[in-house]
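The chain is numbered in sequence order, starting from 1.
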Amino acid sequence: MSVPSSATKSSTVPSGSSGSSGSSTPCAPSVSAGLVDTARALAEGAVSARRLAEEALERIAAAQPVLNAFRIVRAEAALAEADAADRRLAAGERLPLLGVPVAVKDDMDVAGEPTAFGCAGEFPPKTADSEAVRRLRAAGAVVIGKTQTPELGQWPFTEGPAFGETRNPWNPAYTPGGSSGGSAAAVAAGLVPAALGSDGAGSVRIPAAWTHLVGVKPQRGRISTWPEPESFHGLTVNGVLARSVGDAALLLDAASGPHAGDRHHPAPVSAVEATLRTPRRLRIALSFGMAFTATPKSLDPEVRSAVERLAGRLEALGHEVVPEDPRYGQIGLTFVPRATGGVRDWASRVPDPGLLDPRTHEAMRTGRILGGLPLRASRRAETLLRRRVGEIFGRFDVVLTPTTATPPLRIGALAGLGAMATDRAMIAACPYAWTWNVLGWPGVNIPAGFTTEGLPLGAQLLGPADSEPLLLSLAAQAEAAEALPNHWPTGPVGGW
């Protein structure tokens with residue numbers, strides 16, 4: 001069942017559920033105000049954590065029948081966490097996110113809740129938080145729930161037999177993208193100020209682009225994937241989705257940091273400090289080239305126009321923008337063994353493999369075939385690929401590309417397709433993001449405007465290892481200069 005504001009326990013929320021349709025008087029500030037403003041208001045005593053949690057639950061209940069952003073809503077637990085936060089605030093304690101409601105994607109463990117990762121079946125509750133969730137709690141956040149993701153995070157749409165369709169708050173006939181589509185829909189609709197997602201082939205940046213959000217795929221290891229030492233053989237990292245660069249930076253700082261068992265331990269950075277600095281004059285490579293995949297793909301004219309307009313804005317800010325493509329070479333050959341190997345690893349833990357999508361079974365078979373020498377060779381090739389692709393950073397500071405090749409896809413556009421047809425369709429729509437997952441380097445999606453039909457578009461800023469501060473500084477400068485209309489989708493409760 002869905003969870004109205006008066007619910008007192010956690011629930012799994014199926015797509016067909018009905019929720020409270022009642023409205024509430026919006027309070028100021030609201031959970032839709034953004035992470036920085038919400039955290040500040042709590043610290044100043046302008047609003048209580050209890051009221052923010054109640055409002056988030058009301059908004060989720062109102063939006064769930066349409067958007068289906070949440071797999072699990074932790075109503076009773078979240079309210080208890082909010083009450084505890086209010087007591088700590090009243091005692092004078094201050095933490096970066098104390099009392100702020102946030103959401104996490106359902107591939108991250110939350111103690112007491114199952115981690116189904118988009119799959120059908122009965123999953124046991126987890127006994128401990130993942131490291132990223134633990135760090136959010138240490139920063140004071142209230143975990144309001146777990147958001148929808150397609151089966152094992154494989155696709156750039158958030159649909160599946162386990163939960164139905166997650167829809168885009170800008171137009172519910174379209175997908176918010178994937179695989180962090182539930183997190184993106186929840187933030188864009190103002191159900192929570194910000195959320196964690198994960199990105200294995202663009203799974204934070206793609207839904208950010210298609211819902212008008214800032215999406216940060218950080219350096220591999222920046223946000224721990226523990227209890228996985230690394231996820232999907234190093235392709236997948238945890239990242240953040242938020243309405244502004246400042247909000248994204250705050251959540252990134254709160255969630256960042258290693259677990260002792262992590263395979264990757266990048267040196268710490270301060271994302272918030274970076275957003276407060278104006279970047280020096282940069283050389284930016286404007287790239288529309290796509291890595292070789294042996295499949296047809298082309299760039300939608302509206303997407304190209306939006307990215308070119310953004311490039312012009314960066315030039316007006318004093319940066320040098322030059323057309324140039326990275327030398328990707330045969331990078332795709334190293335992606336498939338790692339991606340399908342990761343699917344195989346995760347699928348081995350599913351209680352009932354018979355409930356998995358036929359396309360997942362095909363990926364599992366490929367993972368078995370490529371799981372020996374090809375997988376080991378793909379990992380060894382990473383150093384060479386970093387030198388080859390990274391050559392561009394000897395001449396440029398940042399690479400600017402489209403985040404996707406197309407605007408958002410319609411709900412059901414890839415439903416019922418076979419494995420090969422799905423792969424071809426999603427590569428055609430999303431050929432720009434996955435290469436940076438192979439390299440393990442940071443990328444930031446920033447909103448680039450809208451189509452003539454009002455659907456969001458995005459552009460990504462890409463950098464070499466540990467370049468989050470530079471990318472976020474540039475993103476903040478672009479955000480301030482763009483001054484895109486500060487409007488968001490509307491629904492039955494303030495935002496939704």
Side-chain angles (χ1 to χ4, degrees), residues 14-16 66-71 105-107 116-120 147-189 195 197-213 215 217 232 236 239 241 295 297 300 303 339 343 346 356-360 362-363 402-434 437 445 451 453 455-458 489:
S15 61
V66 178
L67 299 184
N68 187 26
F70 281 83
R71 182 75 181 254
K105 184 177 177 179
D106 193 30
D107 60 347
F117 202 177
C119 299
T147 57
Q148 304 282 21
T149 174
E151 196 167 281
L152 304 181
Q154 296 173 85
W155 305 303
F157 55 89
T158 303
E159 303 166 34
F163 60 89
E165 297 84 27
T166 297
R167 297 174 180 270
N168 195 318
W170 291 95
N171 186 332
Y174 291 84
T175 181
S179 61
S180 304
S183 287
V187 177
S198 60
D199 190 313
S203 289
V204 162
R205 290 162 289 157
I206 291 164
W210 285 352
T211 58
H212 194 62
L213 297 178
K217 172 212 172 301
F232 280 77
T236 297
L241 296 112
T295 58
K297 46 193 180 292
D300 184 279
V303 177
V343 172
W346 272 92
L356 294 172
D357 191 293
R359 292 171 288 190
T360 300
E362 184 62 31
T403 303
T404 67
T406 71
L409 303 177
R410 282 193 169 270
I411 291 289
L414 279 69
L417 298 180
M420 184 173 294
T422 299
D423 287 346
R424 290 166 67 92
M426 68 181 185
I427 291 170
C430 304
Y432 286 106
W434 61 269
N437 294 88
N445 175 81
T451 68
E453 296 181 346
L455 295 171
L457 300 171

Only pairs under 3.5 Å count here: list side-chain donor-acceptor contacts from residues 175-188, not counting sequence neighbours, and write none if there are none.
from	atom 1	to	atom 2	distance (Å)
Thr175	OG1	Gly177	N	3.0
Ser179	OG	Lys105	NZ	2.6
Ser179	OG	Ser203	OG	3.0
Ser180	OG	Lys105	NZ	3.1
Ser180	OG	Ser198	N	3.1
Ser180	OG	Ser198	O	2.9
Ser180	OG	Ser203	O	2.9
Ser183	OG	Thr147	OG1	2.7
Ser183	OG	Leu196	O	2.9

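A distance of 9.0 Å separates CZ of Arg167 from CG of Asn68, quoted to the nearest 0.5 Å. Taken to the nearest 0.5 Å, the CG atom of Leu455 stands 10.0 Å off from the CH2 atom of Trp170. Of the inter-residue distances, the one linking Ile427 atom CD1 with Lys297 atom NZ reads 7.0 Å to the nearest 0.5 angstrom. Interatomic distance, CE of Met426 versus CZ of Phe157, reported as 8.0 Å (0.5 Å rounding).
Of all non-hydrogen atoms in Pro172 and Val66, the two that sit nearest each other are CG-CG1, 4.0 Å. Residues Gln154 and Ala363 come closest through the heavy atom pair OE1-CB, 3.8 Å. Closest of all the heavy-atom pairs between Ala201 and Ile206 is O-CD1, 3.9 Å. Counting all heavy atoms, side chain and backbone alike, Val303 lies closest to Ala405 at CG2-O, 3.7 Å.
Residues forming a ring pair (Phe, Tyr, Trp, His ring centres under 6.0 Å) with Tyr432 (at least two apart in sequence, or on another chain): none. Taking Asp106 as the reference, Lys146 meet the side-chain hydrogen bond (donor to acceptor under 3.5 Å, both in side chains) condition, with sequence neighbours excluded. Under the salt bridge (Lys or Arg N to Asp or Glu O under 4.0 Å) criterion, Asp357 pairs with Arg359, sequence neighbours left out. Listed by chain and residue number, nothing satisfies the side-chain hydrogen bond (donor to acceptor under 3.5 Å, both in side chains) test with Glu159 (two or more places apart in sequence, or in another chain).
By the 4.5 Å heavy-atom criterion applied to side chains, Asn445 and Val204 are not counted as neighbours. Contact of the Asn437 side chain with the Lys217 side chain is registered, since non-hydrogen atoms from C-beta on lie closer than 4.5 Å. Trp155 has its side chain out of reach of Leu414: every pair of non-hydrogen atoms, C-beta onward, lies at least 4.5 Å apart. The side-chain heavy atoms of Leu152 and Thr360, taken from C-beta on, include a pair separated by under 4.5 Å.
Ring geometry for Phe232 against Trp346 counts as parallel: the plane angle stays under 30°, on a 0 to 90° scale with 60° as the upper cut.
A donor and an acceptor atom, one from each side chain of Thr166 and Gln148, are nowhere located under 3.5 Å apart.
The side-chain contact (heavy atoms from CB on, under 4.5 Å) test with Asn168 is passed by exactly one of Leu409, Thr158, Thr211: Thr211.
Applying the side chain to side chain donor-acceptor pair (under 3.5 Å) test to residues at least two apart or on different chains, the pairs with a partner in residues 404-413 are Tyr174-Arg410, Trp210-Thr404.
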